[in-house]
Amino acid sequence: MIQAIVYESNTGFTKHYAEALAQKTGLPLYSVAESRSSVPKGSSIVFLSWVSGGSVMKLDKAKDYFDIRAVGATGLGEPTPEREASIVSHHQLGVPVFCLPGGFDMTKLHGFQKLTMKVMIRTLKAQQMTNMRSEDDRMLQDMVNGCDHYSEEALEPLAEWIRTQQG
């Protein structure tokens with residue numbers, strides 16, 4: 001039985017998904033920071049966070065504390081079975097991963113993250129002069145212009161999975 005939804009959000013897109021998921025499933029919702037004092041160690045949870053460089057942020061630490069039953073991964077990349085499999089492999093997971101289309105807002109980034117993203121944008125722009133994949137071109141446009149790809153419809157497979165687990 002899943003006891004809670006725990007999430008980590010950097011710019012608000014994952015938080016939006018987590019709030020909607022809690023509403024759809026009736027499960028209690030906690031940020032990672034709140035969870036340490038509110039959710040007992042070893043509790044069965046669904047973990048949502050954002051993806052950076054193919055890694056789900058704070059997932060490895062959450063795995064050490066919680067019994068993670070499923071992962072929701074918010075990012076700019078196209079939510080595909082290949083991306084989900086890549087996350088499973090990267091984090092050595094034995095649970096389902098649900099990729100969710102996220103967004104990008106440079107104004108919500110600070111310090112090293114902002115600097116890193118500016119470098120990445122410059123790198124992608126330089127690649128535009130060569131043979132850039134269409135996915136990279138879309139990602140570049142999303143980063144340059146900002147975007148919000150939040151989709152209630154994209155959340156439904158994870159919500160349905162939770163409902164089946166809850167019996």
Exercise for review: Can you measure from CD (E160) to CZ (F98) and round to the nearest 0.5 angstrom?
Suggested key: 10.0 Å
Review point. In Å and rounded to the nearest 0.5 Å, what is the CD1 to CZ distance from I162 to R69?
Key: 12.0 Å
Point to revise | Verify same cluster id: V95, V46 (apolar side-chain graph, 4.5 Å) | key: no
Practice item. With rounding to the nearest 0.5 Å, note down the distance linking CG in L48 to CG in L100. Key: 6.0 Å
Exercise for review: Looking only at non-hydrogen atoms, find the nearest pair between A22 and L29 and report the distance.
Suggested key: CB-CB, 3.8 Å
Point to revise | Residues forming a side-chain hydrogen bond (donor to acceptor under 3.5 Å, both in side chains) with T107, sequence neighbours excluded | key: D105
Review point. Rounded to the nearest 0.5 Å, how far apart are NZ of K118 and CD of Q113?
Key: 13.0 Å
Practice item. Hey, could you give me the CG/OH distance between D148 and Y150, rounded to the nearest 0.5 Å? Key: 9.5 Å
Study note, to complete from the structure: Looking only at heavy atoms, the pair that brings V51 and A73 closest together is CG2-CB, 3.6 Å
Exercise for review: Tell me whether V6 is reachable from I68 by hopping between hydrophobic residues (I, L, V, M, F, W, Y) whose side-chain heavy atoms are closer than 4.5 Å.
Suggested key: yes
**Study point:** Interatomic spacing from CZ in R83 to SG in C99 - rounded to 0.5 Å
**Key:** 6.5 Å
Review point. What residues, two or more places apart in sequence or in another chain, satisfy side-chain contact (heavy atoms from CB on, under 4.5 Å) together with Y65?
Key: R36, K41
**Study point:** Taking every non-hydrogen atom, the tightest pair across E8 and T14
**Key:** O-CG2, 3.5 Å
Exercise for review: Could you pull out all residues at least two apart from P101 that satisfy side-chain contact (heavy atoms from CB on, under 4.5 Å)?
Suggested key: Y17, P79, H149, S151, A154
Exercise for review: Determine yes or no for a side-chain-to-main-chain donor-acceptor pair under 3.5 angstrom, with Q166 supplying the side chain and I2 the backbone.
Suggested key: yes
**Study point:** Backbone N/O of S44 and side chain of Q3: donor-acceptor pair under 3.5 Å
**Key:** yes
For residues 86-94, which side-chain N or O atoms pair as donor and acceptor with protein atoms under 3.5 Å away, sequence neighbours left out?
residue: H91; atom: ND1; partner: D60; partner atom: OD1; Å: 3.0
residue: H91; atom: NE2; partner: V56; partner atom: N; Å: 2.9

Point to revise | Side-chain heavy atoms of K114 within contact of M106, under 4.5 Å | key: yes
Check your understanding: Who pairs with S52 by side-chain hydrogen bond (donor to acceptor under 3.5 Å, both in side chains), at least two apart in sequence or on another chain?
Key -> none
**Study point:** Hydrophobic cluster membership, I5 vs F66, 4.5 Å side-chain cutoff
**Key:** no
Practice item. Mark yes when over 12 heavy atoms from residues, nucleotides or ligands other than E34 sit less than 6.0 Å from its CD; otherwise mark no. Key: yes
**Study point:** Shortest non-hydrogen contact between W161 and A70, atoms and distance
**Key:** CZ3-CB, 3.5 Å
**Study point:** side-chain contact (heavy atoms from CB on, under 4.5 Å) partners for P28, two or more places apart
**Key:** A4, Y30
**Study point:** hydrophobic_cluster_shared for L158 and F47, side chain cutoff 4.5 Å
**Key:** no
Review point. For the hydrophobic clusters of this structure (ILVMFWY residues joined by side-chain heavy atoms under 4.5 Å, transitively), does one cluster hold both L27 and Y7?
Key: yes
Check your understanding: Quick check: are there more than 12 heavy atoms from other residues, nucleotides or ligands sitting under 6.0 Å from NZ of K63?
Key -> yes
Check your understanding: Taking it one step at a time, do N10 and M57 satisfy side-chain contact (heavy atoms from CB on, under 4.5 Å)?
Key -> CA-CA 9 Å; N10 190 39; M57 304 311 294; over 6 Å; no
Review point. Are there more than 12 heavy atoms of other residues, nucleotides or ligands under 6.0 Å from atom NZ of K24?
Key: yes
